[in-house]
Amino acid sequence: MPEAGLKNRLRRVALWAGLLLILLLISLSIYGAFIGAESAKGFFNSIPLAVYWLVFAILLILGIALFRQLLCLRGLFLIHLGCIIILAGGIIGSQAGFRIQDKLSGTDTIRTGQMIINEGTTERAVELEDGVIKMLPFAIKLVDFKIEYYQPGQLIISTLNGEEFKIPVQEGQKYVLGDDLGSVEIVRRFEYFKLKREGDKRIAIEDVNGGPNPALELLLKNSDGSEKTRYVFERSPGHSMPDDNLQFSYHRSVKDFLSDVEVVKDNKVVTRKSIEVNKPLHYGGYLFYQQGYDRDAGRYTMLGVTNNKGLGIVFLGYILLCAGVFWHFWLRHLFGDREMED
Amino acid sequence: MAIKYTIQGLLIYAAMAWYLLAFVVMLSRQRKMGHTLFLVGFVVGCTAIVYRWLHVGHIPLQNLFEVFLCLGVLAYPISIFCNRVLRVGGVAADMLIGVIVLFPAGFVFSAEPQQLPPALQTWLFGPHVFVYMLSYVLMTKAAVQASLQLAGRQTTENLLLPEEATYRMVCAGFPLLTLGLVLGSIWGQNAWGDWWGWDPKELWSLASWLVYVGYFHFRYMFGKRFPRINSLWAVVGLIAIIITLLWVNLSRLFSGLHNYAM
Ligand code: HEM
């Protein structure tokens with residue numbers, strides 16, 4: 001039958017095309033790994049690649065149409081359908097996808113961008129990747145920004161010959177470094193360190209009105225009994241006074257940083273949330289995730305903004321793909337569904 | 001390279017020693033004894049993991065030291081699973097794989113405890129890394145069987161032939177590899193607001209996954225007409241996995257290359 005012959009030839013071509021596209025994508029991914037994330041992003045969003053993704057999706061659909069197994073074997077169907085759906089979600093959510101949808105519907109949507117919000121203020125402006133500013137249809141107020149550190153912090157002391165001591169920071173603790181290096185005592189810990197002049201003396205104080213300036217006051221005792229005071233600032237690690245033979249760093253690891261925000265629409269607070277890394281806020285078709293903060297004073301937060309268009313489709317594809325692979329390779333064997341095993 | 005003169009280090013060396021002893025005993029054809037020693041190595045390895053867990057206070061899957069430690073310990077349960085359920089041989093080789101995988105944990109990677117940065121504080125952290133590790137051990141075993149086949153060796157045990165053994169293990173590992181990729185992507189969405197960021201590690205993991213997709217299609221197209229090429233895919237898959245796992249370290253080796261290009 002000529003029709004069957006044609007179909008067989010089509011199948012052969014589709015399989016070869018599929019294999020070649022897979023090999024091509026392997027090569028492109030490896031190429032992308034060498035050029036770095038930023039360039040790779042541009043590369044995989046370029047026009048030739050857009051054509052590639054489209055052809056791949058069409059080939060997958062063709063595959064399901066041509067091969068009975070892909071339609072009848074539940075697992076295989078779910079796997080290939082899952083891939084089609086992920087590709088579709090990816091295309092819808094891509095830069096090109098947004099451009100086309102905006103053109104068709106005459107809208108001007110925000111795809112990805114960044115917001116910087118000062119503590120206590122309300123913000124609607126989103127800065128896009130290309131520097132353009134667009135406004136959200138609602139506003140976000142940063143009620144409070146908090147940084148938590150792992151306790152205790154660490155005092156790191158390096159000697160001239162490369163020896164290193166790591167000391168957990170506890171006020172009043174004294175550590176003996178060695179016979180010739182003497183000892184060090186952590187006298188006091190500051191969050192808002194400031195030097196204040198009192199007469200002809202200068203004394204260290206906590207000044208909450210100034211910016212945060214975490215520091216330690218150390219008392220060094222030499223082996224000959226002489227003493228001196230040193231200040232170590234978190235912001236200037238590896239600091240050393242000219243005549244000292246020791247270098248000091250004060251280090252704390254960030255445990256968490258979070259933005260307590262309110263979403264304000266028509267002058268009403270519509271929702272509240274603590275945005276943390278890994279805990280974004282979903283609102284109005286956008287995701288707001290904790291991206292960064294003011295490292296000097298902790299006064300503002302940086303929120304990443306992404307439109308969630310296409311995201312649900314991608315995740316649906318993930319579910320189908322995972323259900324498919326586990327069914328096809330694991331579960332159908334357990335449930336005695338051995339339809340077409342070789 | 002450095003020897004770890006700590007309880008942690010000693011536990012790892014002890015696990016390696018038991019694995020190695022088990023391997024030697026297996027070669028002298030005392031299978032039962034070999035299996036028992038392998039089990040002892042596993043128990044010691046588990047102790048090393050529990051010790052680490054208590055020491056750092058979070059799931060010990062944060063850095064390459066911890067990942068290689070767990071990979072080495074997983075060699076035992078995966079070996080037993082493959083032998084009993086999938087009917088795949090090569091238990092002696094698994095003992096050696098265990099030693100080889102524990103080696104970097106024992107001698108190469110730093111065991112300096114680290115605190116979990118905010119990005120790693122999510123329920124996805126454990127499952128994402130764990131399913132990847134399970135699949136990596138399965139794919140390693142698959143590649144070993146594939147190499148045996150490429151070297152023209154047949155199993156003497158009453159089990160699957162190497163080419164089919166490879167296929168079965170890739171079939172067992174592929175769903176886990178897929179799940180690892182998907183969980184990673186969901187994590188990326190939560191942490192960075194993007195389910196796919198095109199960064200090198202993501203792209204290498206995609207490439208490894210696609211190598212196995214290619215393998216399945218090639219094997220479907222040609223069946224056993226080119227058994228050696230079938231097996232070659234599985235070996236290439238493992239190479240891609242190793243590069244994915246070590247890319248951050250490897251890319252440092254390539255930095256000269258980048259400097260030159262700039
Ligand atoms: C990223 C894309 C793809 C993925 C993840 C994928 C995945 C898979 C998997 C896991 C299998 C099972 C192999 C086995 O049981 O040994 C399979 C089989 C198959 N795939 Fe794909 N595939 C993809 C693309 C394609 C394309 C583009 C075609 C179109 C021609 C295609 C056609 C087939 C066919 C005909 C089979 C064989 C079915 C059988 O075993 O009876 N696949 N695919």
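Below, chain A is the first sequence line, B the second, and so on; all start at residue 1.
- Contacts between A/I26 and chain B at a heavy-atom distance below 4.5 Å involve backbone atoms as well as side-chain atoms.
- Both the backbone and the side chain of B/F218 have a heavy atom closer than 4.5 Å to some heavy atom of chain A.
- In this structure, the separation between CD on B/Q121 and CD on A/E276 is 8.0 Å, given to the nearest 0.5 Å.
- Interface residue B/W187: backbone and side-chain heavy atoms are both found under 4.5 Å from chain A.
- Among the candidates B/A207, B/P200, B/S185, the residue making the largest number of heavy-atom pairs closer than 4.5 Å to chain A is B/P200.
- Contact tally against chain A (heavy-atom pairs below 4.5 Å) for B/L181, B/V211, B/I243: the top residue is B/V211.
- For A/F43, no part lies under 4.5 angstrom from a heavy atom of chain B.
- Only the backbone of A/Q290 comes within less than 4.5 Å of a heavy atom in chain B; its side chain stays farther off.
- Interface remark: A/Y286 contributes no atoms to any contact with chain B (heavy atom separation under 4.5 Å).
- Proximity to chain B at a heavy-atom threshold of 4.5 Å picks out A/G90 from residues 90-97 of chain A, in numerical order.
- For B/P175 against A/F329, the heavy-atom pair with the smallest separation is CG-CB, 3.7 Å.
- Taken from CH2 in B/W195 to OH in A/Y318, the straight-line distance is 5.0 Å, to the nearest 0.5 Å.
- Within a 6.0 Å sphere centred on CZ of A/R11, heavy atoms belonging to other residues, nucleotides or ligands number more than 12.
- In this structure, A/H80 and B/H217 have perpendicular ring planes: the angle between them is above 60°, well past the 30° mark.
- Proximity of a side-chain donor or acceptor of A/Y289 to a complementary backbone N or O of B/A191 within less than 3.5 Å is not detected.
- The 12-atom threshold is exceeded at NZ of A/K273, counting heavy atoms of other residues, nucleotides or ligands nearer than 6.0 Å.
- The part of B/F216 that comes within reach of chain A is its side chain, from C-beta onward, which places non-hydrogen atoms under 4.5 angstrom from that chain.
- Of the two parts of A/N45, only the side chain, counted from C-beta on, holds a non-hydrogen atom closer than 4.5 Å to a non-hydrogen atom of chain B.
- Considering CG of B/L203 and CD1 of A/I35, their distance stands at 8.5 Å, rounded to 0.5 Å.
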key: B/M221 vs A/W16, side chain to side chain contact (heavy atoms under 4.5 Å, CB included): CA-CA, chis, key distance, verdict   = CA-CA 9 Å; B/M221 285 166 74; A/W16 270 106; 3.8 Å; yes

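- Under the 4.5 Å side-chain criterion, counting only non-hydrogen atoms from C-beta, B/W196 is not in contact with A/V314.
- Across B/Q115 and A/S253, no two heavy atoms sit closer than the pair OE1-OG, 3.2 Å.
- Interface remark: of the candidates B/L176, B/V213, B/L124, B/L120, B/L176 forms the most heavy-atom pairs closer than 4.5 Å to chain A.
- Under a 3.5 Å cut-off, the side chain of B/Q189 and the backbone N or O of A/L311 do not form any donor-acceptor pair.
- Applying a 4.5 Å heavy-atom cutoff, the residues of residues 145-154 of chain A that approach chain B are A/Y150.
- Residues forming a ring pair (Phe, Tyr, Trp, His ring centres under 6.0 Å) with B/F107 (at least two apart in sequence, or on another chain): B/Y13, B/F103.
- Remark: B/I7 CD1 is loosely packed, at most 12 non-hydrogen atoms of other residues, nucleotides or ligands lying under 6.0 Å away.
- Crowding of B/K201 atom NZ: a count of heavy atoms from other residues, nucleotides or ligands under 6.0 Å exceeding 12.
- When heavy atoms are compared at a cutoff of 4.5 Å, B/F222 approaches chain A solely by way of its side chain, counted from C-beta outward.
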task = Would you sort out whether B/E112 and A/K166 count as a side chain to side chain contact (heavy atoms under 4.5 Å, CB included), showing the intermediate values?
result = CA-CA 12 Å; B/E112 179 87 24; A/K166 289 186 174 169; 3.4 Å; yes

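- Proximity to chain A among residues 130-144 of chain B is not found for any residue, judged by heavy-atom separations below 4.5 angstrom.
- Rounding to the nearest 0.5 Å gives a distance of 10.0 Å between NE2 of A/H333 and CG of B/L86.
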request  = Tell me, with the steps shown, if A/F326 and B/L179 meet side chain to side chain contact (heavy atoms under 4.5 Å, CB included).
outcome  = CA-CA 9 Å; A/F326 278 99; B/L179 187 62; 4.0 Å; yes

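- Rounding to the nearest 0.5 angstrom, the gap separating the OG1 atom in A/T306 from the CG atom in B/D194 is 7.0 Å.
- Among all heavy-atom pairs drawn from A/L19 and B/G214, the shortest one is CD1-O, 3.8 Å.
- With a 4.5 Å cut-off on non-hydrogen atoms, A/V254 touches chain B through its backbone and its side chain both.
- Among A/I30, A/L287, A/D256, the residue making the largest number of heavy-atom pairs under 4.5 Å with chain B is A/I30.
- Side-chain contact, B/W123 with A/N278: no donor N or O sits under 3.5 Å from an acceptor N or O.
- Closest of all the heavy-atom pairs between A/F257 and B/P118 is CE2-CG, 3.8 Å.
- Proximity to chain B (any heavy atom under 4.5 Å) is restricted, for A/L23, to the side chain, taken from C-beta onward.
- Chosen from A/G36, A/A37, A/G324, A/G18, the residue pairing most often with chain B at heavy-atom distances under 4.5 Å is A/A37.
- How far CH2 of B/W209 is from CD1 of A/I22: 8.5 Å, rounded to the nearest 0.5 Å.
- The closest donor-acceptor contact from the side chain of A/W330 to the backbone of B/A172 lies under 3.5 Å.
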